Undergrad: 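This is the structure, below, for whatever I ask next.
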2 protein chains.
Amino acid sequence: MINKMYYEQIEEVTMMNEAVRRLKEKGVKVTPQRVAILEYIVKVNDHLTAEEIHNYVKSKFPSISMATVYSTLQKLIEIGEVEELSIKKRGEACFEPKSEGHHHLLCTSCGKILNIALDCPPDCPIIKQSLIKGCKVNEVQAYLYGLCPECLRKEKEEKAAKS
Amino acid sequence: MINKMYYEQIEEVTMMNEAVRRLKEKGVKVTPQRVAILEYIVKVNDHLTAEEIHNYVKSKFPSISMATVYSTLQKLIEIGEVEELSIKKRGEACFEPKSEGHHHLLCTSCGKILNIALDCPPDCPIIKQSLIKGCKVNEVQAYLYGLCPECLRKEKEEKAAKS
DNA sequence: CTAGCTGCAAAGGATTTGCACGACG
DNA sequence: CGTCGTGCAAATCCTTTGCAGCTAG
């Protein structure tokens, strides 16, 4: 009953939502929990862990369980709405809205993950190419390890203070 | 042929001696278990899981435990002899000898991981660059998702069979 | 000697699964 | 109505930790 009320609210707000339409197109059952999860991921547009997502969605559906969050994420990945990163944030998987053309920097100092758009020459192998060394390449994810601008600044300040 | 094998052995032995020297230099205690682990990783020169390593080393030291394998891997990573990949093979971490200049393809069909040397133009961001978008980049790992030559061939054959 | 390593068992943490109930279509 | 999603709890799997005894340097 309560679920139904929530659903009506959400449905009003998201009727026009393109993502929801795509879910329906793909034959995935649209439930308020799923909409809330996808909505949050798209809105934040950042690298969220399952727990971060769970925490947020709990504010709307206090009874939602991690199992549902994980199974929903799985579904959203399958239908290409969400992407799971290969790198982990403090040991946890990270999820973000599916989008092409950016890569990730993992700051080795603070652990933050940043989106990085790389300017590549057209013949650069980092750009999706159909064939590399006899392999059919469908996707390229580049992970850069280093320091984010903040930590880089801190490091410089520390060096300056020492000398 | 025999000569070739002989020289390869010598080469391996030399590499190990150097590796052992590096361990000592870094103040890491050299134990037979550790040598066996490093030796195996260097010899195979491929992406090994902790369990694969454990299985091999058990043949030399039947009592060795996974805890020792993991702690040794940790040490070897710390001192830069071994590298842990960001991607997992069937959910398990992968380890390989540290080396620069190659990246990895994960076959989405068979799950195999292949080394891929990418030919990049000199201004390609995939090549380690000190500064990208205000970030200090120390390392770049590119992960390609697609089909290995074998699975690509199989796919083509299946398509041909259908039509 | 003695700091640090090994091996066992047990803990830890992220993710998955089985199952009963309830909701979507 | 039947299929499929949800939520709970328990299970699973990889990895880490605590600790007692042992070893390399």
Side-chain angles (χ1 to χ4, degrees), chain A residues 1-11 14-15 20-21 23-38 47-55 57-58 60-79 82 84-95, chain B residues 20-38 47-55 57-79 82 84-95 111:
Chain A
M1 196 54 201
I2 289 185
N3 247 1
K4 189 156 185 292
M5 282 173 58
Y6 268 118
Y7 180 70
E8 280 168 3
Q9 274 182 17
I10 300 263
E11 200 176 23
T14 55
M15 253 323 188
V20 170
R21 212 179 321 122
L23 294 199
K24 283 182 180 166
E25 261 171 33
K26 300 264 170 95
V28 173
K29 250 179 204 171
V30 178
T31 67
Q33 289 91 334
R34 289 182 172 178
V35 174
I37 289 171
L38 180 55
H47 325 92
L48 294 166
T49 65
E51 200 176 355
E52 285 163 349
I53 294 166
H54 185 223
N55 277 340
V57 181
K58 259 198 299 193
K60 293 195 159 188
F61 304 92
S63 69
I64 196 170
S65 69
M66 281 301 283
T68 300
V69 172
Y70 275 113
S71 83
T72 298
L73 286 169
Q74 210 55 49
K75 268 262 145 26
L76 294 174
I77 289 167
E78 267 170 39
I79 63 173
V82 167
E84 180 177 355
L85 300 193
S86 297
I87 49 178
K88 311 226 156 191
K89 190 157 73 180
R90 292 169 243 117
E92 291 171 72
C94 289
F95 305 88
Chain B
V20 168
R21 186 178 44 75
R22 285 198 298 272
L23 294 198
K24 283 182 181 166
E25 256 173 34
K26 302 265 170 90
V28 173
K29 250 176 205 173
V30 178
T31 67
Q33 290 93 331
R34 289 182 172 180
V35 173
I37 290 171
L38 180 53
H47 325 92
L48 295 166
T49 65
E51 199 175 356
E52 285 163 350
I53 294 166
H54 184 223
N55 278 340
V57 182
K58 259 198 297 194
S59 70
K60 295 196 157 187
F61 302 92
S63 68
I64 196 171
S65 69
M66 281 300 284
T68 301
V69 173
Y70 276 113
S71 84
T72 298
L73 286 170
Q74 210 54 51
K75 269 263 144 31
L76 294 174
I77 290 167
E78 268 171 38
I79 64 174
V82 168
E84 179 177 355
L85 299 193
S86 297
I87 49 178
K88 310 228 155 189
K89 191 157 71 179
R90 293 169 240 116
E92 290 171 73
C94 288
F95 305 88

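As the structure is a computational prediction, the values presented were derived from the model and not from experiment. So that the names make sense, note that chain A is the first sequence line, chain B the second, and so on, each numbered from 1.
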Undergrad: Indicate, with a heavy-atom threshold strictly under 4.0 Å, whether B:S63 touches base, sugar-phosphate, or nothing.
TA: sugar-phosphate

Undergrad: Which residues pass the salt bridge (charged side-chain N to carboxylate O under 4.0 Å, His left out) test with B:E25, not counting sequence neighbours?
TA: B:R21

Undergrad: Would you compute the distance between atom CD1 of A:I53 and atom CD1 of A:I64 and round it to the nearest 0.5 angstrom?
TA: 10.0 Å

Undergrad: Working to the nearest 0.5 angstrom, can you tell me the gap between B:T31 OG1 and B:F61 CZ?
TA: 8.0 Å

Undergrad: From the list C:dG7, D:dT6, D:dT23, which nucleotide is the closest neighbour of the side chain of A:T72?
TA: D:dT6

Undergrad: On a plain distance test, is the side chain of B:K29 in donor-acceptor contact with the base of C:dA3 below 3.5 Å?
TA: yes

Undergrad: Below the 4.0 Å mark, does D:dT6 have OP1 or OP2 next to a side-chain nitrogen or oxygen of A:S65?
TA: no

Undergrad: Quickly work out the B:K24 NZ to C:dA3 P distance and round it to whole Å.
TA: 21 Å

Undergrad: Hey, what do you get for CG (B:L85) to CG (B:L48), rounding to the nearest 0.5 Å?
TA: 10.0 Å

Undergrad: For B:T31, report the nucleic acid contact type (base, sugar-phosphate, nothing); a contact means any heavy atom under 4.0 Å.
TA: sugar-phosphate

Undergrad: Roughly, in whole Å, what's the span from CG in B:L23 to P in C:dC5?
TA: 11 Å

Undergrad: Check the surroundings of atom NZ in A:K26: do more than 12 heavy atoms from other residues, nucleotides or ligands lie under 6.0 Å from it?
TA: yes

Undergrad: Please check the phosphate of D:dG7 (OP1 and OP2 only) for any side-chain N or O of A:Q33 closer than 4.0 Å.
TA: yes

Undergrad: Could you tell me the separation between the NZ atom of B:K75 and the P atom of C:dA3, rounded to a whole number of Å?
TA: 15 Å

Undergrad: Check the interface with nucleotides 12-17 of chain C: list each N/O to N/O pair with the protein under 3.5 Å, or write none.
TA:
residue : atom : partner : partner atom : Å
C:dT15  : OP1  : A:A93   : N            : 3.2
C:dT15  : OP2  : A:Y70   : OH           : 2.0
C:dT15  : O5'  : A:Y70   : OH           : 3.0

Undergrad: What bend angle does the helix from C:dC1-D:dG25 to C:dG25-D:dC1 show across its length, from five-pair end axes and to the nearest 10 degrees?
TA: 40°

Undergrad: Please output the side-chain donor-acceptor pairs of residues 66-75 of chain A that fall under 3.5 Å, not counting sequence neighbours, one pair per line with the distance.
TA:
residue : atom : partner : partner atom : Å
A:T68   : OG1  : A:S65   : OG           : 3.4
A:S71   : OG   : A:T68   : O            : 3.3
A:T72   : OG1  : A:T68   : O            : 2.8

Undergrad: Quickly work out the A:K26 NZ to D:dG5 P distance and round it to whole Å.
TA: 16 Å

Undergrad: Who are the salt bridge (charged side-chain N to carboxylate O under 4.0 Å, His left out) partners of B:K89, not counting sequence neighbours?
TA: B:E52

Undergrad: Taking the side chain as everything from C-beta on, heavy atoms only, tell me whether A:L23 gets closer than 4.5 Å to A:L38.
TA: yes

Undergrad: A:F61 CZ to D:dT6 C1': how many Å, rounded?
TA: 12 Å

Undergrad: Of all residues at least two apart in sequence or in a different chain, which pass the side chain to side chain contact (heavy atoms under 4.5 Å, CB included) check with A:K29?
TA: A:R34

